[in-house]
Structure formats: C-alpha cells, structure tokens
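To keep things clear, I will list the structure first and then write my remarks on it.
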Protein chains: 2
Amino acid sequence: MPSLKSELKKRGDFDSVEQETTLAILRTSDLLENRLARLLREHGLTPSQYNVLRILRGEGTPLPCLDVAQRMIQVAPAITRVVDQLLKLDYITKTQSSQDRRVYMVDIKPSGRKLLAKLDKPILNLHANTMRHISQSDQKTLIRILESIRDRQSD
Amino acid sequence: MPSLKSELKKRGDFDSVEQETTLAILRTSDLLENRLARLLREHGLTPSQYNVLRILRGEGTPLPCLDVAQRMIQVAPAITRVVDQLLKLDYITKTQSSQDRRVYMVDIKPSGRKLLAKLDKPILNLHANTMRHISQSDQKTLIRILESIRDRQSD
DNA sequence: GCCAGATAGTTTACATGTTATGTATCGGGT
DNA sequence: ACCCGATACATAACATGTAAACTATCTGGC
C-alpha cells in the first residue's frame with residue numbers, strides 16, 4: 001500500500017470527503033506536472049515555455065502578450081519573462097504593433113514549430129502511458145466531473 | 001459554454017482523450033490551488049508553509065527536515081527555506097539532534113497550532129464550497145480514479 | 001584508528017507565480 | 001488641444017520548485 005493513502009493517514013484522517021477530493025486532485029496534478037516537466041527539460045523547455053509555444057502554434061497568427069497570458073490563466077508579469085526567455089532561445093518573435101504601440105505581438109518561429117513537432121509524439125506517449133490503466137469510460141467520467149467542478153466556480 | 005472547453009478548442013482540438021484527461025486534471029488543480037493560496041495569504045501563510053505546519057501537527061512529534069520534505073514530495077532545498085521562514089514567523093522550532101548531529105528536528109510551536117486551529121474551519125468551508133455541486137458519489141468516483149492513476153505510476 | 005562512501009542539510013543559480021508599482025500609450029470628454 | 005482614466009507591458013520584491021555542488025557528519029571495513 002503505497003504513498004498517498006498511507007502518508008495521509010499518518011497525519012490524521014481526512015476532515016471531510018471534500019477535502020479528500022481536493023487533495024486527490026492536487027496530488028495527482030503534481031505527479032503529472034512533474035512527469036511532463038521532466039520530459040520537457042530534456043528538450044531545454046520549461047512547462048510555461050512549452051505552453052506559450054503551444055498556444056502560438058494553435059493560434060496560427062501573432063498574438064498580443066496579454067492574450068497569451070489570459071489563455072494560461074496567468075498574470076502579466078509572468079508572461080513578460082517567459083516571452084523574454086523564448087526570444088533568447090530564438091523560438092518566437094516579438095514586434096510592437098503599429099496600430100497600438102502599447103501592444104507587442106508575439107509569434108512562433110519555424111524553429112519553434114520544429115521543436116514542438118519533435119515534442120508532439122513523446123508527449124502524446126507520455127499521456128497515453130500515464131493513463132494506460134484507466135479505461136476510456138473512466139477518463140470520460142473524470143473529465144466530466146472535473147469540468148463540472150471548474151464550471152461551478154464563481155471566480 | 002465557458003472557459004476550458006472553448007479555450008482549448010481555439011488552440012486546436014485535443015490530440016487524444018488521455019491528453020484531455022491530463023489537461024482537465026491540471027486545470028482543475030490550478031483552480032483549487034489558487035483558491036487555497038488566496039485564503040492562506042489572508043493569514044500570512046503560503047501553501048508550502050501551511051503544508052509543513054499540517055504535517056508537523058499531524059505527526060505530533062518532532063520530525064527531521066527531510067522527512068517533512070518527503071511527505072510533501074519535495075526536494076530538500078525547498079524545505080530548508082520554508083523551515084527558515086516558519087522559524088522567522090515563530091511557528092516552529094528547529095533543533096539539532098544529539099544522536100545524529102547531521103539531523104535537525106523541526107516541531108510545531110503552540111503559536112503554530114493556534115494558527116492552524118484558526119484556519120481549520122475556513123479551509124474546510126472552502127473545500128466544501130468548491131465541491132458543493134458535486135455529489136458524494138461523484139466525489140468518491142473521482143477519488144477512486146485519481147488514486148488508480150497515481151498508484152499505477154512506476155516512479 | 002582511519003578512510004571511503006553514504007547521508008542530512010545548506011547554498012547557489014535559474015525559471016516561475018504573485019502582488020504592487022511604474023511607464024508608455026490610447027481614447028474619450030470638455 | 002488637453003487632461004484623466006484605462007490599458008499593455010515592464011520592473012521590483014518575495015516565496016517556491018528544481019538541479020548541482022558543497023559542508024558536516026556518520027559508518028562500515030580495513
């Protein structure tokens with residue numbers, strides 16, 4: 001009987017089912033994040049950098065910095081630095097908009113697309129492997145419940 | 001039809017159910033973490049600091065630094081700093097073990113217990129509120145599936 | 001006794017998230 | 001034309017996570 005359950009028992013039982021549910025989500029997420037981060041690190045990317053590149057590739061056209069931030073549920077300052085990093089790595093471009101000079105548009109470069117293309121299969125495999133013991137029907141159930149948790153939140 | 005689904009559609013459809021499942025977990029976790037962090041911040045604590053205090057309270061006896069780290073699935077350097085912070089805040093004690101002088105035992109102080117006691121109800125309420133629309137049976141399902149995801153991982 | 005390898009923590013360097021604050025620019029009302 | 005509030009980012013300050021390197025201490029074998 002491995003990690004989670006025994007660990008948590010040690011520090012007292014759950015105070016409520018809701019708390020147990022919350023902890024289960026947080027712990028599982030931690031695990032998944034770590035695995036993804038390790039894979040990305042092998043290619044010199046951080047999860048944030050990867051997400052920005054994904055968003056830009058998905059969009060197809062240049063995007064203002066803050067639009068990228070919004071899609072990552074992130075605050076502006078974080079994006080500024082990630083964009084700086086990606087510029088240094090030469091995976092994106094950043095140009096001041098001529099319509100509105102407050103705005104800076106970022107776009108993915110071919111080098112960035114190439115990197116993403118190289119990552120697509122390994123990442124797909126990672127996720128497939130992570131979920132390999134979970135039936136499709138359980139996955140759909142999971143997605144449904146998690147979605148309803150997110151959608152019912154006021155903020 | 002709100003956030004997640006529409007957002008993700010924008011950047012291209014999911015590549016697989018496994019990927020969708022993964023993203024659902026990560027996004028939901030983000031949401032929960034943010035809500036908890038906000039509540040804790042009102043009391044001057046970070047999530048890490050709170051977790052360390054919880055572990056120490058649950059344990060009841062002094063614990064070596066690295067033992068605390070393990071239970072948080074964290075690496076040693078992170079603990080060093082969180083422990084330092086909690087020392088500065090005067091919520092814990094840290095004493096060198098006389099048996100093995102490499103080891104430093106940390107323990108929660110009464111002030112720390114008092115703070116946790118003050119937090120218990122609000123946090124319970126937060127979790128209850130987050131899950132208020134989710135049936136107990138769905139929660140149990142969620143816990144079961146998430147647990148099986150975690151338990152089936154090799155590392 | 002002594003030394004090599006293991007173990008507990010710390011320190012350093014880097015990337016990121018957060019809030020608060022500063023800067024440039026835009027845009028609408030007078 | 002001008003000014004004031006809003007908007008797009010950038011910067012600063014702080015806490016945290018990670019890997020890598022370092023210190024102190026312990027321990028088993030010779």
Side-chain angles (χ1 to χ4, degrees), chain A residues 26-27 29-53 62-70 72-89 91 94-106 155, chain B residues 26-27 29-53 62-89 91-92 94-106 155:
Chain A
L26 297 183
R27 295 241 164 194
S29 174
D30 253 22
L31 186 96
L32 301 184
E33 276 172 28
N34 284 336
R35 294 166 72 86
L36 179 62
R38 245 175 294 167
L39 195 168
L40 291 175
R41 187 157 39 232
E42 291 171 17
H43 297 264
L45 278 187
T46 66
S48 292
Q49 292 166 2
Y50 173 71
N51 283 332
V52 170
L53 290 182
L63 224 49
C65 286
L66 287 196
D67 281 22
V68 178
Q70 274 180 354
M72 292 175 68
I73 317 187
Q74 266 188 1
V75 176
I79 287 299
T80 298
R81 281 173 311 192
V82 174
V83 163
D84 280 351
Q85 289 296 330
L86 288 172
L87 276 173
K88 256 192 261 176
L89 295 171
Y91 291 138
K94 172 178 173 185
T95 52
Q96 191 171 27
S97 160
S98 50
Q99 275 84 42
D100 184 340
R101 290 194 325 206
R102 288 171 305 180
V103 174
Y104 288 82
M105 310 291 284
V106 292
D155 48 4
Chain B
L26 297 183
R27 295 237 166 198
S29 174
D30 254 21
L31 187 97
L32 302 184
E33 277 172 28
N34 285 335
R35 293 165 74 86
L36 179 61
R38 244 175 297 167
L39 195 168
L40 291 174
R41 187 159 39 234
E42 291 169 18
H43 297 263
L45 277 188
T46 66
S48 292
Q49 291 166 2
Y50 172 71
N51 282 332
V52 170
L53 290 182
L63 223 47
C65 287
L66 287 195
D67 281 22
V68 178
Q70 275 180 354
R71 303 198 189 193
M72 293 175 67
I73 317 189
Q74 265 188 1
V75 174
I79 287 299
T80 298
R81 281 174 312 193
V82 174
V83 164
D84 281 351
Q85 289 296 331
L86 288 173
L87 276 174
K88 255 191 262 177
L89 295 171
Y91 291 138
I92 63 171
K94 173 179 172 185
T95 52
Q96 191 170 28
S97 159
S98 50
Q99 274 83 43
D100 184 339
R101 290 192 326 204
R102 290 170 304 178
V103 174
Y104 288 83
M105 310 293 282
V106 292
D155 48 6

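None of the values given here were measured: they were computed from a predicted structure. Throughout, protein chains are lettered first and strands after them, A, B, ... in sequence-line order, and every chain is numbered starting at 1.
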For the pair made of CD in B:Q49 and C1' in C:dT18, what is the distance, rounded to whole Å? 14 Å
Counting just side-chain N and O atoms, does B:Q96 come under 4.0 Å of either OP1 or OP2 of D:dA24? no
Rounded to the Å, how far apart are B:L45 CG and D:dC14 P? 18 Å
How does protein contact run along nucleotides 8-13 of chain D, one letter per nucleotide 5' to 3', with B for base contact, S for sugar-phosphate only, - for none, heavy atoms under 4.0 Å? SSBBBB
Reported NZ-to-CG distance for the pair A:K94 and A:L86, which is rounded to 0.5 angstrom: 11.0 Å
Rounded distance [0.5 Å steps], CE in B:M105 versus CD in B:Q99: 8.5 Å
Could you state the atom-to-atom distance from CZ of B:R101 to P of C:dT10 in whole Å? 16 Å
A:E33 CD to D:dT18 C1', straight-line distance once rounded to whole Å: 13 Å
Spatial distance of atom CZ (A:R102) from atom SG (A:C65) [nearest 0.5 Å]: 13.5 Å
Take atom CD of B:Q99 and atom P of D:dA24, then tell me their distance rounded to the nearest Å. 22 Å
From B:L63 CG over to B:I92 CD1, what is the distance, rounded to the nearest 0.5 angstrom? 11.0 Å
To the nearest Å, give me how far apart NZ (B:K88) and C1' (D:dC14) are. 10 Å
Rounded to whole angstrom units, what separation is found between the CG atom of A:L86 and the C1' atom of C:dT16? 13 Å
Please report the distance, rounded to the nearest Å, between CG in A:N34 and P in D:dT16. 17 Å
Pairs counted only when both distances fall under 3.5 Å, Watson-Crick or G-U: show me the 5' to 3' dot-bracket for DNA chain D, [ ] for pseudoknotted crossings and | for other-strand partners. ||||||||||||||||||||||||||||||
